[in-house]
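Each remark here refers to the structure printed beneath this line.
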Amino acid sequence: MTITLHNTLTRKKEPFVPIDPANVRMYLCGPTVYDRAHLGNARPVLVFDVLYRLLRHTYGADHVTYVRNFTDVDDKINATALAHQQAGAPGTLEDLVAERTDETIAWYHADMDALGALRPDHEPRATEYIAQMVAMIDGLIKDGYAYENEGHVLFRVRKYSEYGALSGRSVDDMIAGARVEVAPYKEDPMDFVLWKPSSDDLPGWDSPWGRGRPGWHIECSAMAYELLGDRFDIHGGGNDLQFPHHENEIAQSKCAGHGFANVWLHNEMLQVEGKKMSKSLGNFFTVRDLLEDGVPGEVIRFVMLATHYRKPMDWTEKKREESSKTLMDWLHVLKKHGYTPKMVKQLKAEGQWSGDGELLGTLSNDLNTPGALARMHVLAKARTAEGLVPLAHALELLGLVADWSLVDLTPSQDVKMADWVPAVIDRLIEERGAARAAKNWGEADRLRDLLNSAGVQVTDIGGSATWAPGPDFDPAKLEGLT
RNA sequence: GGCGAGUUGGCGGAGUGGUGACGCAGCGGAUUGCAAAUCCGUGAACAGGGGUUCGAUUCCCCUACUCGCCUCCA
């Protein structure tokens with residue numbers, strides 16, 4: 001199965017040809033670790049998680065290397081630590097920075113795990129690669145691609161003639177736009193910082209240019225080289241990183257003599273109810289906020305995958321509901337046909353665990369996840385256990401089911417409820433059954449309306465009735481009926 | 001100001017140079033005491049204007065509109 005990917009460098013969809021099929025290598029720009037990941041941070045993680053899974057499926061799980069970094073040296077982190085210090089937290093600023101980054105990384109792992117994202121093979125922290133960055137900067141200076149001035153080291157953008165190729169910009173146009181920082185230590189306003197001085201209280205490392213810290217872009221160039229080698233297959237991130245971050249990475253790496261990435265992938269941004277998610281608009285929320293509101297990680301993931309990665313994705317309450325319902329329907333179909341963790345294990349052992357070719361083709365076509373989900377609706381129409389294998393396979397491939405015990409949950413177990421709740425509902429169902437038997441329709445309907453008003457889904461099959469919490473389940477409405 | 005993406009039925013959202021996915025909602029039917037849930041069936045779209053073509057929603061150009069990035073937030 002040939003995978004095609006849209007390469008930002010060429011602005012075209014191209015067949016993906018790995019440099020070494022025995023070791024397909026990809027790099028994703030990870031988070032700056034100063035706070036909880038917001039929903040927008042989750043999009044590239046999930047897009048690249050699907051790519052990672054697809055590559056593993058295509059080339060073998062042991063033949064893909066995925067690197068995603070943690071930016072743990074950054075002025076935002078310093079500012080956050082400083083704010084903590086001023087609020088009375090004990091310790092030096094460096095201690096507080098370390099504390100903060102460790103804490104944030106732990107949060108990040110917990111949140112991304114909850115979304116079903118596989119851990120990358122390597123998660124390097126920038127602070128562990130300072131020596132490599134210094135060496136790289138040193139080489140750039142020696143070759144005339146960078147210069148030192150007032151304790152800063154800057155990249156000489158004019159020296160790299162290809163600058164702007166990735167983002168389709170020209171240096172002169174950008175200067176005309178005048179949105180560049182002019183600083184006395186820059187030869188040219190477009191030059192960007194490779195190294196900058198640190199004051200004594202800020203985190204810093206010794207270097208040929210004095211105690212300081214790296215600029216933002218150099219870390220990715222250094223870590224990608226260190227972990228993936230001179231040339232690797234795929235480099236990705238949000239399209240906000242296309243310029244300047246990725247442009248600068250390319251400039252540094254190419255001028256350092258590295259081959260760098262073949263294919264560049266950029267995901268579009270996330271919006272919330274049609275608007276950009278931003279703190280100023282007040283529609284800003286984190287992954288953790290959603291999880292705590294009771295939105296399962298699988299549902300968040302489903303909503304994300306329902307929009308192609310190169311289109312703006314709009315998070316809406318309506319999509320959340322529809323996604324939740326669809327996922328539930330599929331799990332119920334599987335459960336109805338006997339799916340359990342044991343059965344899945346057995347299917348795999350017997351070699352019955354195979355995917356749907358059409359779905360794999362769709363997914364291989366530039367990660368068409370909405371198309372794959374559409375195909376799953378068709379696969380879900382199968383009415384035998386073995387006919388449903390492709391659906392189950394797809395759910396696992398897309399990371400929508402990490403653990404097949406999920407299918408074993410009955411709907412009522414999905415919702416946390418106090419002990420008295422099922423007892424009351426069972427009693428009302430029983431009373432209604434009696435009323436129905438007596439053909440007392442008024443009373444029977446009154447009881448059903450009461451249950452419905454609390455969001456209880458009452459299902460009549462034959463003469464008996466079962467129930468399950470519906471989407472608007474609110475047991476508080478049944479309180480006082482004990 | 002610079003750069004880029006998009007505009008498909010009521011809504012969401014794929015795809016294709018010629019028989020117009022898929023889901024939700026709607027409508028019709030089965031079922032039901034009546035409903036719900038479920039099952040079966042079904043109508044409905046390619047921003048506007050030019051061009052290329054035997055033929056364009058699909059390719060090219062223009063216009064309009066929307067959105068994003070370039071600025072602390074991916």
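Remember, it's a predicted structure, so these values are computed and weren't measured experimentally. Throughout, a chain's letter reflects where its sequence line sits, starting with A, and its residues are numbered from 1.
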Which is true for [X] with a 4.0 Å heavy-atom rule: it touches a base, it touches only sugar-phosphate, or it touches nothing?
X       : result
Y34(A)  : sugar-phosphate
D445(A) : base
T459(A) : base
P370(A) : sugar-phosphate
N452(A) : nothing
Q242(A) : nothing
L373(A) : nothing
A306(A) : sugar-phosphate
H308(A) : sugar-phosphate
R11(A)  : sugar-phosphate

Heavy-atom distance under 4.5 Å between the side chains of M223(A) and V67(A), does that happen here?
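Result no, sub-4.5 Å side-chain heavy-atom pair not found.
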Can you find a heavy atom in the side chain of L39(A) that is under 4.5 Å from one in the side chain of M304(A)?
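L39(A) reaches M304(A) side chain to side chain.
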Distance-only side-chain donor-acceptor flag, H6(A) / H266(A), under 3.5 Å:
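No.
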Just by distance, with hydrogens left out, do N248(A) and W216(A) show a side-chain donor and acceptor under 3.5 Å apart?
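Their side chains do not contain a donor-acceptor pair, so the 3.5 Å distance test is not met.
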With RNA chain B as reference, determine whether K13(A) or S167(A) sits nearer its 5' end, using the nearest nucleotide of each.
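Upstream on the strand: S167(A).
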Establish, with yes or no, whether the OP1 or OP2 oxygen of [N] is under 4.0 angstrom from a side-chain nitrogen or oxygen of [X].
X       : N      : value
N368(A) : G15(B) : yes
K381(A) : C22(B) : no
K311(A) : A14(B) : yes
R383(A) : C39(B) : yes
T307(A) : G13(B) : yes
K276(A) : C73(B) : no

Could K275(A) and D314(A) be called an ion pair, given the rule that one side-chain N must be under 4.0 Å from one carboxylate O?
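Result for this pair is no, no salt bridge flagged.
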M269(A) CE to U71(B) C1': how many Å, rounded?
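Distance check: M269(A) CE to U71(B) C1' gives 15 Å.
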Between [options], which one does the side chain of [X] approach most closely?
X       : options                : value
K76(A)  : C72(B), G68(B), A36(B) : C72(B)
R448(A) : G33(B), C22(B), A35(B) : A35(B)
N365(A) : C39(B), G33(B), G15(B) : G15(B)
A374(A) : C22(B), C70(B), A35(B) : C22(B)

Does the A37(B) base have a donor-acceptor partner in the side chain of D460(A) within less than 3.5 Å?
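Side chain to base: no pair present.
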Measuring from T369(A):OG1 to L51(A):CG, what's the distance to the nearest 0.5 Å?
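Nearest 0.5 Å value for the OG1-CG distance: 11.5 Å.
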